[in-house]
Amino acid sequence: MVASRQDAWTEDDDLVLAEVTLRHIREGGTQLAAFEEVGQRLGRTAAACGFRWNSCVRKRYDAAISIAKSQRQQLKKMGRIITPLQEEVEAIQIPVKRPVAQASGASPHDEDEDQQIEAVIRMLRSQKDLSRRVKQLEQELEGKELKIKELAEANERARKEMEQIQGVNEDYRALVQIMERARKMAFLQEEESSKPIFKMDANGNLERVEK
């Protein structure tokens, strides 16, 4: 019994869904059969696969529907498809797997379509690699932005500490100036007090007054 997964679809899941669905279209199968196969491979229900295809994945695959259906018609003409085909409900865009090997004596038109399929496959895989690289760069940028924020906070703390140190230095210089003025005033007072004092006696002579 297929488990019904509830986790989000990944890019790889979408690739598998596109690959299998395109192959069924090209080989004359039905979407229902494709969804059942995908469900078996991804551990999801066929209904979930169908919903994912119709609501999201199919919108990215508009260009490949004509190629897939054209190949289906070619296979039908060559007798490779015997059972009646059901028309697909909607178009799809980019194929993600090599087409069924062509029979010997295939026309140049068929080879052209094969080359188009292969070119689109390479494009899709390149886009997938680019998407992964973009996510990696986004993570690296996020880490650098966090580091810049931490450095900015550290710089702000250092600036505040420097301002506090400068304030202490100014207070210290003011205190030194006050102490220097007080020392000078004390020296002058001491010098004044050390000078002798004279007075004139009754005979008009100066005499020293002891302090």
Side-chain angles (χ1 to χ4, degrees), residues 1-104 106-107 109-142:
M1 182 176 181
V2 178
S4 179
R5 289 170 51 184
Q6 300 298 321
D7 56 318
W9 285 75
T10 65
E11 290 183 7
D12 289 338
D13 292 343
D14 288 344
L15 285 174
V16 171
L17 178 58
E19 170 190 350
V20 174
T21 304
L22 177 63
R23 173 165 50 81
H24 277 261
I25 293 173
R26 190 169 55 243
E27 296 177 358
T30 64
Q31 285 190 353
L32 179 58
F35 299 153
E36 289 175 349
E37 180 179 339
V38 175
Q40 290 290 335
R41 292 175 60 174
L42 300 183
R44 299 180 184 273
T45 64
C49 296
F51 179 80
R52 178 67 178 179
W53 173 260
N54 289 316
S55 64
C56 180
V57 179
R58 186 186 62 195
K59 299 174 184 178
R60 304 197 302 262
Y61 287 78
D62 288 333
I65 183 63
S66 59
I67 297 176
K69 287 187 175 182
S70 176
Q71 287 186 326
R72 184 181 64 188
Q73 293 299 324
Q74 292 293 329
L75 292 174
K76 182 179 179 181
K77 291 177 182 179
M78 295 164 55
R80 298 288 298 275
I81 298 177
I82 302 175
T83 58
L85 301 178
Q86 286 188 338
E87 285 297 325
E88 302 299 326
V89 178
E90 296 284 349
I92 56 174
Q93 184 176 346
I94 301 176
V96 292
K97 192 177 182 181
R98 293 181 182 275
V100 178
Q102 299 293 322
S104 58
S107 68
H109 179 68
D110 294 336
E111 293 178 0
D112 252 0
E113 290 178 347
D114 292 348
Q115 291 175 359
Q116 292 176 19
I117 290 285
E118 291 175 358
V120 178
I121 290 172
R122 289 193 296 270
M123 182 191 304
L124 181 59
R125 298 199 183 282
S126 175
Q127 290 175 346
K128 180 180 176 183
D129 293 338
L130 179 61
S131 175
R132 289 176 177 172
R133 179 58 180 162
V134 168
K135 288 182 180 179
Q136 180 183 354
L137 291 175
E138 287 175 347
Q139 292 174 352
E140 292 177 0
L141 178 60
E142 184 178 352

A.B. asks: Working to the nearest 0.5 Å, report the span between CD of E37 and OG1 of T21.
C.D. replies: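 Interatomic distance, E37 CD to T21 OG1, rounded to 0.5 Å: 9.0 Å.
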A.B. asks: List in chain and number order the residues that pass side-chain hydrogen bond (donor to acceptor under 3.5 Å, both in side chains) with S55, two or more places apart in sequence or in another chain; answer none if no residue qualifies.
C.D. replies: none
A.B. asks: Listed by chain and number, what are the side-chain contact (heavy atoms from CB on, under 4.5 Å) partners of A47, not counting sequence neighbours?
C.D. replies: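 Partners of A47 by the side-chain contact (heavy atoms from CB on, under 4.5 Å) criterion, ordered by chain and then number, come out as T45.
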A.B. asks: With rounding to the nearest 0.5 Å, note down the distance linking CG in L15 to CD in E11.
C.D. replies: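 One gets 7.5 Å once the value is rounded to the nearest 0.5 Å.
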A.B. asks: Measuring from atom CZ of F35 to atom CZ of F51, what distance do you get when rounded to the nearest 0.5 angstrom?
C.D. replies: 12.0 Å
A.B. asks: For R52 and D14, run side-chain contact (heavy atoms from CB on, under 4.5 Å): C-alpha distance rounded to whole Å, both residues' side-chain angles, the deciding distance at 0.1 Å, then the answer.
C.D. replies: CA-CA 8 Å; R52 178 67 178 179; D14 288 344; 2.8 Å; yes
A.B. asks: If the condition is side-chain contact (heavy atoms from CB on, under 4.5 Å), which residues does Q139 pass it with, not counting sequence neighbours?
C.D. replies: none
A.B. asks: Check side-chain contact (heavy atoms from CB on, under 4.5 Å) between D7 and all other residues, then give those that pass, not counting sequence neighbours.
C.D. replies: R5, R44
A.B. asks: Is the count of non-hydrogen atoms from other residues, nucleotides or ligands lying under 6.0 Å from Q136 atom CD greater than 12?
C.D. replies: yes
A.B. asks: By side-chain contact (heavy atoms from CB on, under 4.5 Å), which residues pair with L141, not counting sequence neighbours?
C.D. replies: E145
A.B. asks: If you measure from SG on C49 to CD on Q40, what distance do you get to the nearest 0.5 Å?
C.D. replies: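 Reported to 0.5 Å precision, the distance equals 9.5 Å.
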A.B. asks: When rounded to the nearest 0.5 angstrom, what is the spacing between CG in L22 and CD1 in I67?
C.D. replies: 9.0 Å
A.B. asks: Output the distance between atom CZ (R26) and atom CD (Q74), rounded to the nearest 0.5 Å.
C.D. replies: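 These two atoms lie 13.5 Å from each other.
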A.B. asks: Please determine whether side-chain contact (heavy atoms from CB on, under 4.5 Å) holds for the pair L17 and W9, giving the CA-CA distance in whole Å, both sets of side-chain angles, and the decisive distance to 0.1 Å.
C.D. replies: CA-CA 10 Å; L17 178 58; W9 285 75; 4.2 Å; yes
